[in-house]
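In the text below, chain A, chain B and the rest are named by the order of the sequence lines, each starting its count at 1.
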2 protein chains.
Amino acid sequence: MTTRVPQERRRRRPTRSGVLLSEDLIVETALRLIGEHGPEALSVRRLGAALGCDPTALYRYFHGTDDLVLAIADRIIGDAMAGFTPGDDWVASLREMALRVRAGYLAHPRAAAMAAHRVTRRRNEIRAVETGIGLLLTAGFPPADAARLYLAFIDTVLSHAATEAAFHALTPQQREADHRSWRDVYQDLDPTAYPSLTAVRRELPAMADSSFEPAVDLLLEALAARARR
Amino acid sequence: MTTRVPQERRRRRPTRSGVLLSEDLIVETALRLIGEHGPEALSVRRLGAALGCDPTALYRYFHGTDDLVLAIADRIIGDAMAGFTPGDDWVASLREMALRVRAGYLAHPRAAAMAAHRVTRRRNEIRAVETGIGLLLTAGFPPADAARLYLAFIDTVLSHAATEAAFHALTPQQREADHRSWRDVYQDLDPTAYPSLTAVRRELPAMADSSFEPAVDLLLEALAARARR
DNA sequence: GCCTTACGTCAACAGGGTTGACCCAATATG
DNA sequence: CATATTGGGTCAACCCTGTTGACGTAAGGC
């Protein structure tokens, strides 16, 4: 489609069914669709049906599916970071950022699973990057280090959150089977072939737990150690 | 399709073009297709064309696209860890494990991106867990810590590798747009609204680089520090 | 009240996964 | 060797998908 997607729209026209479309309404409806019926429920045609408009009307608001996905991702980031202000303790603030991102992803697990790996280039994401790098600058890191270390930090947070979101997006049956496998499969192993697993056998059921916070804490430990030098 | 996919096939019949199909041949051809013509080249129809058979013949070997993807993922894991033996230096060994997993994913980004968040507790994965926990045990961690820390480590590695694979699985246009955004969008920001981003402005193009190794190194630093205590 | 244009609608195209029916040839059996 | 069985390759068909260009109508500026 050659039509441009304008920044502001003043003239809006109700659809055949009387709905006034808007970028926000479309994103919200998409999130609802995904949340209710899974990621595969998000298609231009289904979204149009849910909105009560012709599917191709969406192309007046987004350049294509990819653009829509990015808008959804940015919306999730915005909701997660809403009202957050960094405090004096930069480690604690980064930790809260991590937990907020994770909570935002888990609020829309299925949407997060499909949008997590993208750079949205939109307002909410830019704001979050500004905040995170600002925290590392106050920690005393020189600009080059602050940028690189923030990237390592946020990529880890986002990757972990995406993994958790993907897990939560599974059906209860799949999730249950996953949990069981740590008990069942790993418990009946040949001790001579798998000595280490046998040694930690009683700890394996805990492997079904989330590693999000341990991993974030390890990372923040390393960052704090480097900041001290 | 109601037809079952049998374990062993004895009767095989050449296709119209004379090829003898097999599960291995199909998986290999799928990987070759992805490698040569990009990630979007993997579809049942194209795979059939590349094999010289009717697309629906593949349903005699796999229940559907999902089943095929899992078979591909299994091969990727096997290839990545093939021939790996841990050395005396547990930090270096964990590092090599991380790099191998990443390389395996990046060798087949789209397949990895599709299957990365799915848990396949097969032989290769069990072996990897055995090796990794063994390394943390030789580092002196008590069993409970070894299990939890290995989980944090491998989840970080897998999550990062999945993120990178997902990025490489994007279309060239999407990837290019992602790279550009760090140069373009983030360069024209209002300095008063975004002071930290302005301060690190010259470092931002580097944000398009991978954070895999910095993140893994931070994690290994923290693990080594904890092992010393 | 006219003119412009934003934008909702429509028809169409190319490509996707998956299905059930068909039928031939490769094997098992006598 | 001849016959029966059936694995599995083929085909047509179905409904899904994203995306396009043309069209027309109603909203807003003047």
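- Taking CD1 of A:I126 as the start and CZ of A:R123 as the end, the distance is 9.5 Å to the nearest 0.5 Å.
- A donor-acceptor contact under 3.5 angstrom links the side-chain atoms of B:T56 to the base of D:dC11.
- Using a 4.5 Å heavy-atom threshold, the side chains of B:F212 and B:L99 count as touching.
- Within the structure, every side-chain polar atom (N or O) of B:R16 is placed at least 4.0 Å from both OP1 and OP2 of C:dC24.
- In this structure, the side chain of A:R118 does not engage the main chain of A:L70 through any donor-acceptor pair within 3.5 Å.
- OP1 or OP2 of C:dG8 has not a single side-chain nitrogen or oxygen of A:T15 nearer than 4.0 Å.
- Side-chain to base pairing of A:R60 with C:dG8: one donor and one acceptor N or O lie within less than 3.5 Å of each other.
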Is there a side chain to side chain contact (heavy atoms under 4.5 Å, CB included) between A:V216 and A:T156? Walk through the geometry before answering. CA-CA 8 Å; A:V216 167; A:T156 300; 5.8 Å; no
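- Atom OH of A:Y59 is separated from atom C1' of C:dC7 by 15 Å (rounded to the nearest Å).
- Listed nucleotides: D:dC11, D:dG9, C:dT9. Nearest to the side chain of B:D54: D:dC11.
- In this structure, the nucleotide among C:dA26, D:dT10, D:dC16 sitting nearest to the side chain of B:C53 is D:dT10.
- On a pure distance criterion of 3.5 Å, no polar donor-acceptor pair joins the side chain of A:R45 and the base of D:dC16.
- Heavy-atom nearest nucleotides on DNA chain C were determined for B:T65 and for A:G52, and the one closer to the 5' end corresponds to A:G52.
- Counting to the nearest Å, the C1' atom of D:dA26 and the CG atom of A:L20 are 12 Å from each other.
- Between A:E28 and A:R32 there is no salt bridge, since none of the side-chain N atoms of the basic residue sits less than 4.0 Å from a carboxylate O of the acidic one.
- For the pair A:Y61 OH and C:dC7 C1', the computed distance is 7 Å after rounding to whole Å.
- When rounded to the nearest whole Å, the span between CG of A:L58 and C1' of C:dC10 equals 15 Å.
- Atom pair B:F62:CZ and D:dG9:P shows a separation of 12 Å (rounding to whole Å applied).
- Closest to the side chain of B:R13, out of C:dG16, D:dG8, C:dG17, is D:dG8.
- A:P55 comes within contact range of no nucleotide atom at all, as no heavy-atom separation falls under 4.0 Å.
- Protein atom CG of A:L68 is 10 Å distant from nucleotide atom P of D:dT19, rounded to whole Å.
- When the nucleotides C:dG16, D:dG9, C:dT9 are ranked by their closest atom to the side chain of B:A57, D:dG9 comes out on top.
- Here the P atom of nucleotide C:dC7 and the CG atom of A:L21 are 10 Å apart, to the nearest Å.
- With the nearest nucleotide of DNA chain C identified for both B:V44 and B:P14, B:V44 has the one nearer the 5' end.
- Atom CG of B:L33 and atom P of C:dG16 are 11 Å apart (whole Å).
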